[in-house]
Every structure is written in structure tokens, then in C-alpha cells.
Student: 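One structure, pasted below without further comment.
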Amino acid sequence: MPELPEVETIVRGLASRLPNRRIERIEVFQPRVIIGDIQRAEGFTIAQVRRRGKFVLLDLERGGRRGHLLAHLGMTGQLRLAAEPGPYTRVLFQLDKGALLYNDVRQFGRLEFAERLPARFKRLGSEPLEIGEEEFVRRFRARRAMVKPLLLNQAFLSGLGNIYVDEALFRARIHPRALANRIRPGRAAKLYRAIVRVLREAIAHRGSSISNYVGSDGRRGAFQHLHKVYRRTGLPCPVCGAAIRRILVSQRGTHFCPRCQKIRSGAGRAPEPIGGTLGSARRGAR
DNA sequence: GACGATGTTGGCAC
DNA sequence: GGTGCCAACATCGT
């Protein structure tokens with residue numbers, strides 16, 4: 001759920017409230033979501049709130065010492081201000097004024113305190129809104145991978161998730177299984193512009209609320225109403241009217257228009273659908 | 001009640 | 001470097 005536009009929305013909400021607040025005490029109700037010793041963040045003052053990829057980053061300071069609080073929201077994580085703790089509140093940050101809650105139903109998210117940014121974090125790829133068209137096209141076409149898994153790869157580009165990859169590929173009329181190195185430069189440039197446009201529009205609508213996503217103030221996003229293919233299986237393509245299809249691409253549910261998004265003939269492509277819903281050699285014994 | 005799907009990443013095998 | 005498959009977890013729809 002929380003992809004770049006949702007995380008950006010949360011960060012903007014926090015950025016107007018958290019700077020200069022001091023972290024007095026941290027209560028951990030579910031250790032599973034914590035990496036390392038998060039209590040070390042107690043006593044620090046929040047200097048700045050930032051986003052990097054799908055991470056929320058709080059830059060901390062305490063008498064010349066610096067630190068960072070990293071939050072990845074996984075699938076169902078929420079950072080809330082001015083809210084009451086609930087059954088899914090996993091961590092509570094008691095501030096000198098108010099509190100910050102970390103709620104997470106499925107507990108796939110992670111919170112971590114670090115004095116220096118960890119290596120995993122530094123391996124993140126470029127920000128889609130900062131990389132620039134030429135650079136994107138050059139790097140994109142240098143990869144021999146299916147476009148969908150490539151765009152989901154956070155080391156290649158950081159911040160895109162299942163929703164926005166499907167939406168951007170639709171707008172650029174690229175088949176999710178097409179191979180990146182077979183996409184012509186003009187089409188790759190179109191993809192870049194589609195990604196930027198979709199992300200900007202989604203941010204303007206405060207993200208997509210498919211299941212439980214809400215901003216730091218508890219408000220839902222509205223971009224889900226503007227999705228053209230994501231979770232619209234069987235509904236007519238807004239461009240040509242063909243029924244939107246759902247297939248599996250590297251284990252991820254993938255939505256596209258079979259008429260608008262074709263793999264150009266002669267261009268490389270990955271093996272056909274492989275059943276998608278059938279498949280015999282799966283369903284292993286745990 | 002059982003099953004499959006859900007926006008996340010990471011680890012393993014090949 | 002790239003893909004497939006599984007794992008973590010809880011909820012919801014069929």
C-alpha cells in the first residue's frame with residue numbers, strides 16, 4: 001500500500017508537526033516490527049522529516065550527536081499523529097508535546113534507529129522524480145529484464161510499487177512482460193514521463209487508499225478513483241474499451257489492457273502467461 | 001470453514 | 001544479473 005505517493009503524503013503531514021519535538025519515551029508493543037535497539041532514540045529531538053523511496057526518515061539530533069529513525073511501512077503500516085492507540089498500535093513515541101503512533105495490521109513494516117544510514121538504505125536506486133529523462137532512458141535500456149519486475153526493483157528505481165507500475169505502464173502503452181532492452185528510446189522516454197505524471201497526480205490526491213492506507217492525519221487518499229487499470233479486471237479500458245486483464249508477472253498481480261499494451265512483434269518477450277491461475281507444479285508442501 | 005488474494009521486502013535456489 | 005518460489009502476518013471476499 002504505501003508506495004511513493006502515500007509515503008510522500010505521510011511525510012508532508014509529519015513535516016509540519018514533528019520538527020523540534022523531543023522524543024521522551026518509546027513504548028514497543030510488538031518487538032517484531034523493530035530492528036535493533038530503538039530505545040536509543042529516546043532523548044533525541046526531531047530535526048527534519050524526509051522521504052527516500054518508500055522510507056520515512058526522521059533526522060534526529062541531541063547535543064551535537066546525530067541519529068536517524070527509519071520507518072518502512074510494509075503493506076499496512078501507518079504513522080499517525082493525534083490519534084488514540086488501537087489494537088494494531090505496535091509502537092508509541094511519546095513526544096514532549098503529543099505522540100506519534102505506529103500502527104501495522106500485518107506487521108510487515110519495520111522501524112529502526114541508526115546513527116548512520118545503513119547500507120541497505122544506501123543501495124536504494126534513484127528517485128523517480130529526480131533522475132531525469134535522459135538518465136532514466138539510458139539506464140532502463142541497459143537492462144535485460146522484464147519491465148514490470150525492473151520497475152519494482154528498488155535498487156533500480158526507488159518508490160514504485162504494484163499500483164503505480166501498472167498505471168504507468170498502461171499510460172505508456174507498454175506490456176508488463178516486455179523486455180527493457182527491447183523498448184525503443186522514444187517509448188522509454190514516454191514511460192519516464194508516464195511515471196512522473198502518475199506519481200505527481202497521485203501525490204496531489206494524497207495517494208491511493210485501497211485497503212487501510214491513511215495519511216498521518218487519518219485521511220484517506222483519493223487517487224484510487226483515478227486508477228485506469230489497477231484492480232479493474234474485466235472492466236473496459238478507458239482508452240479502447242477492451243476488457244482489462246489480470247495476469248501474474250513474477251508472482252505479482254498485474255493489470256493491463258491487452259489491446260493497448262502489446263509487445264511489439266519481433267521484440268523479445270518472456271515466456272507466455274503459463275496458466276496464471278492453473279499451474280500444476282506449485283502448491284508445494286509448505 | 002477452507003482457500004486464495006492483498007500494496008512489502010528478503011532469502012534461497014538455479 | 002535475473003527469475004521463480006517461499007516466508008513473514010492478518011483480513012477479507014468467494
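Chain naming here is simple, since letters A, B, ... match the order of the sequence lines and numbering starts at 1 in each.
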Student: Other members of the hydrophobic cluster containing A:Leu92, with the 4.5 Å side-chain heavy-atom rule, please.
Tutor: A:Phe29, A:Leu101

Student: For A:Gln107, give me all partners under side chain to side chain donor-acceptor pair (under 3.5 Å), at least two apart in sequence or on another chain.
Tutor: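 Partners of A:Gln107 under the side chain to side chain donor-acceptor pair (under 3.5 Å) test: A:Arg90.
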
Student: What integer distance in Å separates A:Arg144:CZ from C:dT3:C1'?
Tutor: 11 Å

Student: Polar pairs (N or O, both sides) under 3.5 Å between protein and nucleotides 10-14 of chain B?
Tutor:
none

Student: If a pair satisfies salt bridge (Lys or Arg N to Asp or Glu O under 4.0 Å) and one of its residues is in residues 67-85 of chain A, list it, with sequence neighbours excluded.
Tutor: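 Found none.
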
Student: Rounded to whole Å, how long is the line connecting atom CD of A:Gln154 with atom P of C:dG2?
Tutor: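 My rounded result for the distance is 15 Å.
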
Student: Rounded to whole Å, please give me the gap between CZ in A:Arg52 and P in B:dT9.
Tutor: 13 Å

Student: Identify, with sequence neighbours excluded, every residue that meets salt bridge (charged side-chain N to carboxylate O under 4.0 Å, His left out) alongside A:Arg219.
Tutor: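 Listed in chain order: nothing, the list is empty.
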
Student: Between P on B:dT9 and CZ on A:Arg252, what's the gap in Å once rounded to a whole number?
Tutor: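 Distance, rounded to whole Å: 8 Å.
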
Student: P atom, C:dC5 versus B:dG4: distance in rounded Å?
Tutor: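 Their P atoms lie roughly 15 Å apart.
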
Student: If you measure from the P atom in C:dA8 to the same atom in B:dG1, how many Å do you get, rounded?
Tutor: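 Approximately 23 Å lies between the P atom of C:dA8 and that of B:dG1.
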
Student: Choose from C:dG1, B:dT8, C:dA10 the nucleotide whose nearest atom is closest to any side-chain atom of A:Gln107.
Tutor: C:dA10

Student: Can you list, pair by pair, the side-chain donor-acceptor contacts under 3.5 Å of residues 199-207 of chain A, counting residues two or more places apart and other chains?
Tutor:
unit_1, atom_1, unit_2, atom_2, d
A:His205, ND1, A:Glu201, O, 2.9
A:Arg206, NH2, A:Arg220, O, 2.7

Student: Hey, is the side chain of A:Arg106 pairing donor to acceptor with the base of B:dT6 inside 3.5 Å?
Tutor: yes

Student: Would you say A:Tyr213 stacks on B:dG7, if stacking means ring centres under 5.5 Å apart and planes within less than 30 degrees?
Tutor: no

Student: What side-chain donor-acceptor pairs closer than 3.5 Å can you find for residues 142-152 of chain A, not counting sequence neighbours?
Tutor:
unit_1, atom_1, unit_2, atom_2, d
A:Lys148, NZ, A:Asn162, OD1, 2.6
A:Lys148, NZ, A:Asp166, OD1, 2.6
A:Lys148, NZ, A:Gly253, O, 3.4
A:Lys148, NZ, A:Thr254, OG1, 3.0

Student: A:Asp59: which residues meet the side chain to side chain donor-acceptor pair (under 3.5 Å) condition with it, sequence neighbours left out?
Tutor: A:Gln48, A:Arg50, A:His68

Student: Less than 4.0 Å between a side-chain N and a carboxylate O, is that true for A:Glu115 and A:Arg65?
Tutor: yes

Student: Could you tell me which residues satisfy side chain to side chain donor-acceptor pair (under 3.5 Å) with A:Arg12, sequence neighbours excluded, listed by chain and number?
Tutor: A:Glu8

Student: Tell me which residues in residues 27-41 of chain A lie within less than 4.0 Å of DNA chain B, going by non-hydrogen atoms.
Tutor: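 None - not one residue of the stretch has a heavy atom sitting under 4.0 Å from the strand.
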
Student: Can you tell which of B:dG7, C:dA8, C:dA10 lies closest to the side chain of A:Phe108?
Tutor: C:dA8

Student: Once you round it to whole Å, what is the distance between C1' of B:dT8 and CD of A:Glu3?
Tutor: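 About 10 Å, once rounded to whole Å.
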
Student: Would one find a side-chain N or O of A:Gln251 under 4.0 angstrom from OP1 or OP2 of C:dT3?
Tutor: no

Student: Between A:Arg139 and A:Glu135, is the salt bridge (Lys or Arg N to Asp or Glu O under 4.0 Å) condition met? List the steps.
Tutor: CA-CA 6 Å; A:Arg139 291 196 207 169; A:Glu135 181 73 1; 2.8 Å; yes

Student: Just the dot-bracket of DNA chain B, please: which string comes out with Watson-Crick or G-U pairs under 3.5 Å, [ ] for crossing, | for another strand?
Tutor: .|||||.|||||||

Student: Share the residues that join A:Leu124 in a hydrophobic cluster, the rule being Ile, Leu, Val, Met, Phe, Trp or Tyr side chains under 4.5 Å apart at the heavy-atom level.
Tutor: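 Result for A:Leu124 is A:Phe55, A:Leu57, A:Leu70, A:Leu117, A:Phe121.
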
Student: Take atom CE of A:Met75 and atom P of C:dC9, then tell me their distance rounded to the nearest Å.
Tutor: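 Distance check: A:Met75 CE to C:dC9 P gives 14 Å.
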
Student: From the set B:dA5, C:dC9, B:dG7, return the single nucleotide nearest to any side-chain atom of A:Ile210.
Tutor: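 Selected nucleotide (nearest to the side chain): B:dG7.
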
Student: Send over the distance from A:Leu152 CG to C:dG1 C1', rounded to a whole Å.
Tutor: 17 Å

Student: Do any side-chain nitrogens or oxygens of A:Lys54 fall under 4.0 Å of OP1 or OP2 in B:dG7?
Tutor: no

Student: I need the CG-P distance between A:Asp104 and C:dA10, as an integer number of Å.
Tutor: 10 Å

Student: Charged N to carboxylate O below 4.0 Å: is that the case for A:Arg110 and A:Glu112?
Tutor: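 Salt bridge between A:Arg110 and A:Glu112, a charged N being under 4.0 Å from a carboxylate O: no.
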
